[in-house]
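A short worksheet on the structure shown next.
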Protein chains: 2
Amino acid sequence: MRSSRGPGQRAGLSRDRVLDAATDLLAESGAVTMRAVAQRLGVAPNALYSHVADKTELVDGVLDRVLAQVDAPPLEPGGSPGDAMHRLMTSTHGVLIRHPQLVPAFLARQGARGANARHLGAVMLEHLAVAGITGDAAREALRVLIVYTIGFAAFDGAPDERPVPHSELRADFDRGLHWLITGIIESVR
Amino acid sequence: MRSSRGPGQRAGLSRDRVLDAATDLLAESGAVTMRAVAQRLGVAPNALYSHVADKTELVDGVLDRVLAQVDAPPLEPGGSPGDAMHRLMTSTHGVLIRHPQLVPAFLARQGARGANARHLGAVMLEHLAVAGITGDAAREALRVLIVYTIGFAAFDGAPDERPVPHSELRADFDRGLHWLITGIIESVR
DNA sequence: ACCTGAACACCGTTCAAGT
DNA sequence: ACCTGAACACCGTTCAAGT
């Protein structure tokens, strides 16, 4: 368990293993620090810098892994685009509140920019296009929906003296999301 | 400028002066740390603990001071409650994006709980009551509006590679806020 | 290229002591 | 009661060195 490794001896790290450790650590303890990730991997803190530029890049990597859990069903021919958007954002909200420690990072990055985030954004834009909303209007609408979703997730993860129950916050989120999507779709009619 | 004070000598601190220093520091450097506040006051870092329980309490104090800047005009007899709510939340949004470093703290606290925050909430509930929305429905609507406003402020303060211009984010905020308020008011008709 | 050891410049907070 | 000095247990990151 101690350091059975001298200088120069490989520990078998990789970028993937570092991200794995960080993701696990987040799920278990809720906090991610360079030193804790290193400890979990049994290496010196600075060993991580061979596989990750800095903490920001590490957090970005974890963010995109978490976003992979969002359920983004592809466009259905006969379905309602409003319903599809509602489902996608609700799934995103669910994933976020299961990882409250990452929500501030999502906010600071305006919603992440990894591959999974881009995919989710593209799916949303498809739904908006079906609803007749394209170009700048679509990007604005998407930004509003993302802000709302992440904002509510941030609210949920926050500790409070008299905390609002999760179920109630979920209902609030759903109601507001309905107002937003209705407003977005009706703005084009 | 150095410590011309020995142990036992008073520095003339007070809770107000500590909060003043923290507020100024935030406005200038954007970051608030115990040690930086102490340095600005010319005292040892731990001297602050005679006037403030911990960093959380200090940040809470700063938060409420900033919220005092929000313009909350009282209820007008003939005016539209939707417009009044729109103006109040827009003013709040403006104050928040002028203090981007505090926005994460606002999120973590679900929108602050000081005297000013309570006053703003009460004014909003008055407007909602005029619109015919009371009780749980009013509290839900208020929570949705607060989340949206703080969430958008968080988005605004975030650094990004290709940053969305402030003016554009303001327009997005305004549009989404309109959708929300319209949805809230129409939900009761 | 990958890792260690040591160090730097930070944090918030506590404890004992002085007046 | 209010403040200092010293210390503790943390951070992220860098630099030189070893294989």
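Proteins come first, then strands; the chains are lettered A, B, ... in the order of their sequence lines, and each starts at number 1.
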Not counting sequence neighbours, list each pair that qualifies as a salt bridge (Lys or Arg N to Asp or Glu O under 4.0 Å) and has a residue in residues 119-131 of chain A.
-> none
Among the clusters formed by ILVMFWY side chains lying less than 4.5 Å apart, do A/Leu145 and A/Val123 turn up in the same one?
-> yes
Note, DNA chain C 5' to 3' with Watson-Crick or G-U pairs under 3.5 Å encoded as ( ), [ ], | and . gives ||.|||||...|||||.||
Mind running a 4.0 Å heavy-atom check of residues 11-28 of chain B against DNA chain D and sending the residues that fall below it, in number order?
-> B/Ala11, B/Gly12, B/Leu13
OP1 or OP2 of D/dC11 sitting under 4.0 Å from any side-chain N/O of A/Thr33?
-> yes
For the pair made of CG in B/Leu48 and P in D/dA1, what is the distance, rounded to whole Å?
-> 18 Å
Evaluate salt bridge (Lys or Arg N to Asp or Glu O under 4.0 Å) for A/Arg65 paired with A/Asp20, printing each intermediate quantity in order.
-> CA-CA 9 Å; A/Arg65 296 201 160 202; A/Asp20 282 341; 2.3 Å; yes
Pairs satisfying salt bridge (Lys or Arg N to Asp or Glu O under 4.0 Å), at least one member in residues 86-96 of chain A, at least two apart | none
Could you tell me the separation between the CD atom of A/Gln39 and the C1' atom of D/dC11, rounded to a whole number of Å?
-> 14 Å
For B/Arg175, all residues meeting side chain to side chain contact (heavy atoms under 4.5 Å, CB included), sequence neighbours excluded | A/Glu140, B/Trp179
List in chain and number order the residues that pass salt bridge (Lys or Arg N to Asp or Glu O under 4.0 Å) with A/Asp24, two or more places apart in sequence or in another chain; answer none if no residue qualifies.
-> A/Arg40
Between atom CE in B/Met34 and atom P in C/dT13, what is the gap in whole Å?
-> 5 Å
Once you round it to whole Å, what is the distance between C1' of C/dT13 and CG of B/Leu58?
-> 14 Å
Test side chain to side chain contact (heavy atoms under 4.5 Å, CB included) applied to B/Ala129 - qualifying residues, sequence neighbours left out | B/Thr134
Using a cut-off of under 3.5 Å, enumerate the N/O to N/O pairs linking the protein to nucleotides 7-9 of chain C.
none

Only counting residues at least two apart or in another chain, list the ones meeting salt bridge (Lys or Arg N to Asp or Glu O under 4.0 Å) with B/Glu186.
-> none
Identify, with sequence neighbours excluded, every residue that meets ring pair (Phe, Tyr, Trp, His ring centres under 6.0 Å) alongside B/His93.
-> B/Phe173
Nearest-nucleotide wise, let me know which of A/Ala53 and A/Ala36 is further upstream toward the 5' end of DNA chain D.
-> A/Ala36
A/His51 side-chain N/O to C/dA1 phosphate OP1/OP2 under 4.0 Å | no
Nearest-Å distance for atom pair NZ/C1', residues B/Lys55 and D/dC11 | 12 Å
Options C/dT13, D/dT4, C/dC3, nucleotide nearest the side-chain atoms of A/Ser50 = C/dC3
Taking only residues two or more places apart in sequence or in another chain, which ones pass side chain to side chain contact (heavy atoms under 4.5 Å, CB included) with B/Thr56?
-> B/Asp54, B/Asp60, B/Arg109
Kindly write out the residues that satisfy side chain to side chain contact (heavy atoms under 4.5 Å, CB included) with A/Ile185, not counting sequence neighbours, or none if the list is empty.
-> A/Met85, A/Ala131, A/Ile181
Between C/dC3, D/dT14, D/dT4, which nucleotide gets closest to the side-chain atoms of A/Tyr49?
-> D/dT14
